[in-house]
There are 2 protein chains.
Amino acid sequence: MDLFGGRVSESCLVERLGHYLRLTSREAAAFASIEGPERVYRRGAMIRREHDRAQELYVVNSGWLLSFVLLDDGSRQILRLHLPGDMVGLSCAAFNEATESLVALTDVKLSPVEKASLNRLFVEHPRLGALLFLIAQAEKVSLSDRLASLGRTSAKARVAALILDTVARLRVMNAELRDSFAFPLTQEEIGDATGLTAVHVNRMMRALVEEGLIARQANQLTILNEDRLAEVANYINRYAALDTDWLPPPTT
Amino acid sequence: MDLFGGRVSESCLVERLGHYLRLTSREAAAFASIEGPERVYRRGAMIRREHDRAQELYVVNSGWLLSFVLLDDGSRQILRLHLPGDMVGLSCAAFNEATESLVALTDVKLSPVEKASLNRLFVEHPRLGALLFLIAQAEKVSLSDRLASLGRTSAKARVAALILDTVARLRVMNAELRDSFAFPLTQEEIGDATGLTAVHVNRMMRALVEEGLIARQANQLTILNEDRLAEVANYINRYAALDTDWLPPPTT
DNA sequence: CGTCCTCTTGACGGCTTTCAATAAAAGTGG
DNA sequence: CCACTTTTATTGAAAGCCGTCAAGAGGACG
């Protein structure tokens with residue numbers, strides 16, 4: 001079995017969205033129809049570079065990837081960890097130029113989606129268009145939470161928040177996942193995600209271990225005391241309750 | 001004249017969106033029809049509190065407001081400054097509970113929009129639904145830029161970026177605005193937006209003044225050297241070029 | 001089996017915060 | 001319009017969190 005998740009149903013995206021909303025078969029087919037042929041990337045591969053011309057987005061079928069921006073001084077800010085079922089590179093819907101780089105953190109499989117083909121979705125399936133809008137709002141809230149994390153919490157809290165957010169998102173697609181999971185980020189990558197240096201990430205990870213909140217073996221992470229970790233992190237799990245009640249009815 | 005912008009056309013939202021896309025009269029009417037009667041708030045008024053039940057969003061007709069979250073230790077992270085023409089509280093499209101507090105920074109006028117009424121927009125005007133989605137993606141990019149600012153740049157750069165982002169957004173609705181504008185944030189609010197303390201904001205503002213990049217008089221800010229300020233800030237102006245070409249045609 | 005990457009640890013330095021005190025400005029009520 | 005209070009801006013000194021630099025160990029990979 002693939003450690004980092006993989007396609008189970010006809011489309012990974014349909015499976016993910018099925019957790020938020022009961023899709024009709026026509027809707028599922030509509031989503032599936034806009035996905036192009038799957039592409040495979042090896043760990044470390046650059047999928048898209050900031051400032052590249054970008055006319056397509058991607059659905060993550062398996063594996064993890066990172067989106068990031070580079071600053072003038074060479075430092076890197078990781079914007080988000082992308083897991084199976086995620087859509088990545090959505091910003092091409094607003095800009096012709098890629099606003100972020102995408103790199104494969106593990107071996108990944110992606111399905112490309114032409115941004116031009118999104119318009120069919122909005123025209124033929126208004127409910128799906130509204131769902132995409134709803135998901136975009138949820139992603140904005142997630143970014144806002146990270147903004148508060150970087151702006152107003154300590155180094156230890158930021159690392160703890162990254163761990164908790166990752167496990168919460170993994171559980172959306174894998175309900176059986178409890179406290180232990182593969183976590184393939186280097187400490188430098190954790191630092192680039194949390195606005196810290198690799199050295200200080202190391203110290204904070206060891207502190208969390210010494211306090212009995214987490215355990216590490218190789219790239220495997222185990223959460224030992226999730227409640228206390230959430231307190232340390234100031235973490236709010238938002239993935240539980242999306243409100244889809246206001247969406248229009250599916251097209252018949 | 002209102003210093004902080006105000007309604008000029010029939011709807012402030014329609015005017016704003018008209019800068020991105022040429023709306024048909026039916027589309028403009030559709031937007032206008034979902035707006036409820038205008039509400040007025042005094043400076044400092046709390047419009048919505050985090051965790052309140054939230055079923056409506058707002059269009060800013062005039063004035064400025066802030067969205068923010070409070071952390072357990074009482075510290076505050078300002079998520080965004082909201083200017084005339086902005087939609088605020090959109091996260092209610094994804095959550096029934098408000099994810100952020102909204103407070104009036106100046107006297108403001110808002111038009112409420114029931115989130116349930118958005119569904120008509122998606123059904124009857126797919127292009128408008130797609131436009132809302134597009135704007136949400138642009139807002140995600142803006143949040144990502146701020147994430148990089150807080151995570152990877154110095155205090156001085158963060159303050160400079162806030163100033164530049166504000167003036168760039170003001171210019172969207174007010175093309176004549178050049179270098180001087182009213183900036184009603186206290187140094188504490190600037191700090192809460194940039195993840196700094198008020199004391200350090202003060203030092204950074206003075207440094208920017210001493211370096212001849214900005215000037216201050218009362219709440220009026222003047223940018224003296226925008227290019228150098230942008231270098232200091234590591235700032236990218238994204239508000240210039242949104243790609244609306246992929247949107248479906250307007251409904252006839 | 002050598003090279004490169006990653007993790008780890010210590011010492012030191014700096015950016016930012018904290019604490020404190022004062023001045024200036026704004027708001028309030030008589 | 002003037003006292004009075006509260007908020008905001010300013011400045012200095014000291015402390016602390018995190019970054020930088022450096023060096024060594026362990027592991028992955030070819």
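This one's a predicted model, so the numbers in the text were calculated from it and none came from an experiment. Chain naming here is simple, since letters A, B, ... match the order of the sequence lines and numbering starts at 1 in each.
Between the NZ atom of Lys156(A) and the P atom of dC18(D) there is a distance of 10 Å, given to the nearest Å. A straight line from CD1 of Ile190(B) to P of dT7(D) spans 19 Å, rounded to a whole angstrom. We find that CE of Met204(B) is positioned 13 Å from P of dT10(D), with the value rounded to whole Å. Between Asp192(B) atom CG and dT8(D) atom P the separation is 11 Å, expressed in whole Å. In this structure, Arg203(A) places its CZ atom 11 Å from P of dT20(D), rounding to the nearest Å. As rounded to whole Å, 13 Å separates atom C1' of dT7(D) from atom CG of Asn219(B). Per the geometry, CZ belonging to Arg216(B) stands 12 Å off C1' belonging to dT8(D), to the nearest Å.
At distances below 3.5 Å, at least one donor-acceptor pair connects side-chain atoms of Arg171(B) with backbone N or O atoms of Arg178(B). With Arg169(A) contributing its side chain and Leu81(A) its backbone, the two residues share a donor-acceptor pair below 3.5 Å. At distances below 3.5 Å, at least one donor-acceptor pair connects side-chain atoms of Gln77(B) with backbone N or O atoms of Asp192(B). Listed for the Arg152(B) side chain is a donor-acceptor partner under 3.5 Å among the backbone atoms of Leu196(A). A donor-acceptor pair under 3.5 Å is absent between the side-chain atoms of Asp52(B) and the main chain of Ala54(B), judged by distance alone. Looking only at distances, no side-chain donor or acceptor of Glu50(A) sits under 3.5 Å from a matching main-chain atom of Ala98(A).
Within the 4.0 angstrom heavy-atom criterion, no nucleotide atom of any strand lies near Arg158(B). Nucleic acid contact class of Gly44(A) (heavy atoms, under 4.0 Å, all strands): none.
Nucleotides of DNA chain C with any atom under 4.0 Å from a heavy atom of chain A span, from 5' to 3', dT6(C) to dA11(C).
Note on Arg206(B): a side-chain N or O is less than 4.0 Å away from OP1 or OP2 of dT11(D).
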Where do N or O atoms of nucleotides 22-30 of chain D meet protein N or O atoms at under 3.5 Å, pair by pair?
none

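Between Met87(B) and Glu139(B), the closest side-chain pair of non-hydrogen atoms is not below 4.5 Å. Using a 4.5 Å heavy-atom cutoff, the side chains of Thr99(A) and Lys140(B) are not in contact.
Applying a 4.0 Å cut-off to non-hydrogen atoms, none of the residues of residues 71-82 of chain A approaches DNA chain C.
Where Glu189(B) and Ala155(A) each meet DNA chain D at their nearest nucleotide, the meeting point lying more 5' is that of Glu189(B).
Around the CD atom of Glu56(B), the shell of radius 6.0 Å holds more than 12 heavy atoms that belong to other residues, nucleotides or ligands. Residue Arg43(A) qualifies as open at atom CZ: its count of foreign heavy atoms under 6.0 Å is 12 or below.
Minimum atom distance to the side chain of His200(A) is reached by dG19(D), of the listed dT11(D), dA9(D), dG19(D). Taking every side-chain heavy atom of Thr197(A) into account, dT20(D) is the closest of dT20(D), dT11(D), dT8(D).
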Distance-only donor-acceptor hits, side chain of residues 197-208 of chain B, under 3.5 Å, sequence neighbours excluded:
residue	atom	partner	partner atom	Å
Thr197(B)	OG1	His200(B)	N	3.3
Asn202(B)	ND2	Gln187(B)	OE1	2.9

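Checked by atom type, the side-chain pair Asp165(A)/Tyr239(A) shows a donor-acceptor distance below 3.5 Å.
Residues forming a side chain to side chain contact (heavy atoms under 4.5 Å, CB included) with Arg16(B) (at least two apart in sequence, or on another chain): Tyr20(B), Asp86(B), Val172(B), Met173(B).
Axis angle across the helix from dC1(C)-dG30(D) to dG30(C)-dC1(D), with five pairs used at each end and values rounded to 10°: 60°.
Annotation for Leu147(B) and Leu150(A): closest pair O-CD1, 3.8 Å, computed over non-hydrogen atoms.
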